[in-house]
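Following: one structure in structure tokens, then a few remarks.
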Amino acid sequence: FLLVVVAFIGFVAVIAQTLLIRELLNVFSGNELTYGLTIFSWLLLYAFGSGILGRLADRIKSKILIFWLLILSIIVLLPCEIFLARSIRPLLGIPFGMEIGPSSILPIIFILLAPITIIFGFLFSLASKILENISRVYIFEALGALLGGLLCTFIIFNIPLFPNDSPYGRISIVKYDRSLNFYENGSFLFSTANVPVAEETAHLSLLPHPNPKKILLLGGGLGGVLKELTKYPLDKIDYVELDFKLIELAKNLIPDDRR
């Protein structure tokens, strides 16, 4: 039975890691650097929990009791850390849309991940001491992690945590006067009021061609570029946007005469 619990721990660990990475990407304007620092912090903190704190496991008399108490603490900590991740910008006074450097990202990630990640690492060592078979503990935890990864890939990534969530990120829309400013994972995408940029993108791109008839636009069309392109006698415009949610929101929020 304890091995099944170990598999469940691996299962929950991967889901927790995925949810926290998803939140941290939104906090730090999601990019590869955020991914790398988050995974680095997770592995380092897990190693601290299993390696350093794991040495204390032999001194614990009520190993089973501590084991179950730590599992219960994860149930409490995970939603708390997700809430803290969502609140970290206003708590630290970081303006929305402002880029944060690596020197600030790393300590924040460490503080957010430390409690739950260290517990996961310590649970691995504690289970190994209780069962006296580290190989079986490792195998069952890995199997649980595999199932958790499959669940994240095919189900959780497709479940929006917020109304404007998509598999690619969290979309935020800020209204200022008559302008709508679109952000994804905290990074600025486009503004509906930035007409000069839309005009430059459309007209300067078509100037070299004597008689354009078919256009393939790869992203960036919702800020007014599509509207500018329709001023030409074109036969066809194919518009491709990576995040389908952007198109859905634009249809609902941007008037036809402005997109």
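These numbers come from a predicted model, not from an experiment. Each residue takes its place number in the sequence, starting with 1.
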For residues [X] and [Y], report the shortest heavy-atom separation together with the two atoms involved.
X: G223; Y: A198; result: O-CB, 3.9 Å
X: L253; Y: L180; result: O-CD1, 3.7 Å
X: V225; Y: G220; result: CG2-O, 3.4 Å
X: L78; Y: A16; result: CD1-CB, 3.7 Å
X: E228; Y: A202; result: CB-CB, 3.5 Å

With side chains defined as the heavy atoms from C-beta onward, is the minimum distance between I82 and L19 less than 4.5 Å?
-> yes

Determine yes or no for a side-chain-to-main-chain donor-acceptor pair under 3.5 angstrom, with N194 supplying the side chain and F190 the backbone.
-> no

Is it true that a side-chain atom of K63 and a backbone atom of I60 form a donor plus acceptor pair closer than 3.5 Å?
-> yes

Are [X] and [Y] connected in the hydrophobic side-chain network, where two residues link if heavy atoms are under 4.5 Å apart?
X: V195; Y: L217; result: no
X: L2; Y: F8; result: yes
X: F40; Y: L20; result: yes
X: V197; Y: L229; result: no
X: L77; Y: V14; result: no

Other residues, nucleotides and ligands only: do more than 12 of their heavy atoms fall within 6.0 Å of [atom1] on [X]?
X: Y239; atom1: OH; value: yes
X: I247; atom1: CD1; value: yes
X: Y232; atom1: OH; value: yes
X: F83; atom1: CZ; value: no

Given salt bridge (Lys or Arg N to Asp or Glu O under 4.0 Å), test R86 with E23 step by step and report yes or no.
-> CA-CA 7 Å; R86 294 176 183 177; E23 294 299 327; 3.2 Å; yes

Separation between CG (L246) and NZ (K251), nearest 0.5 Å, reads 12.5 Å

Give every donor-acceptor pair under 3.5 Å between a side-chain atom in residues 207-215 and any protein atom, sequence neighbours left out.
unit_1 : atom_1 : unit_2 : atom_2 : d
H209   : ND1    : N211   : N      : 3.0
K213   : NZ     : P233   : O      : 3.2

Other hydrophobic cluster members with [X], side-chain heavy atoms of Ile/Leu/Val/Met/Phe/Trp/Tyr under 4.5 Å, chained?
X: L143; value: I139
X: I75; value: L72
X: V240; value: L216, L218

With respect to I109, which candidate in I39, L24, I21, L45 satisfies the side chain to side chain contact (heavy atoms under 4.5 Å, CB included) definition?
-> L24

Listing, residues 111-132 side-chain donor-acceptor contacts under 3.5 Å, not counting sequence neighbours, or none:
unit_1 : atom_1 : unit_2 : atom_2 : d
T117   : OG1    : L113   : O      : 2.7
S125   : OG     : S50    : O      : 2.5
S128   : OG     : F124   : O      : 2.8
K129   : NZ     : D58    : OD2    : 3.4

So the ring pair (Phe, Tyr, Trp, His ring centres under 6.0 Å) pairs with at least one residue in residues 48-70 (sequence neighbours excluded) are none

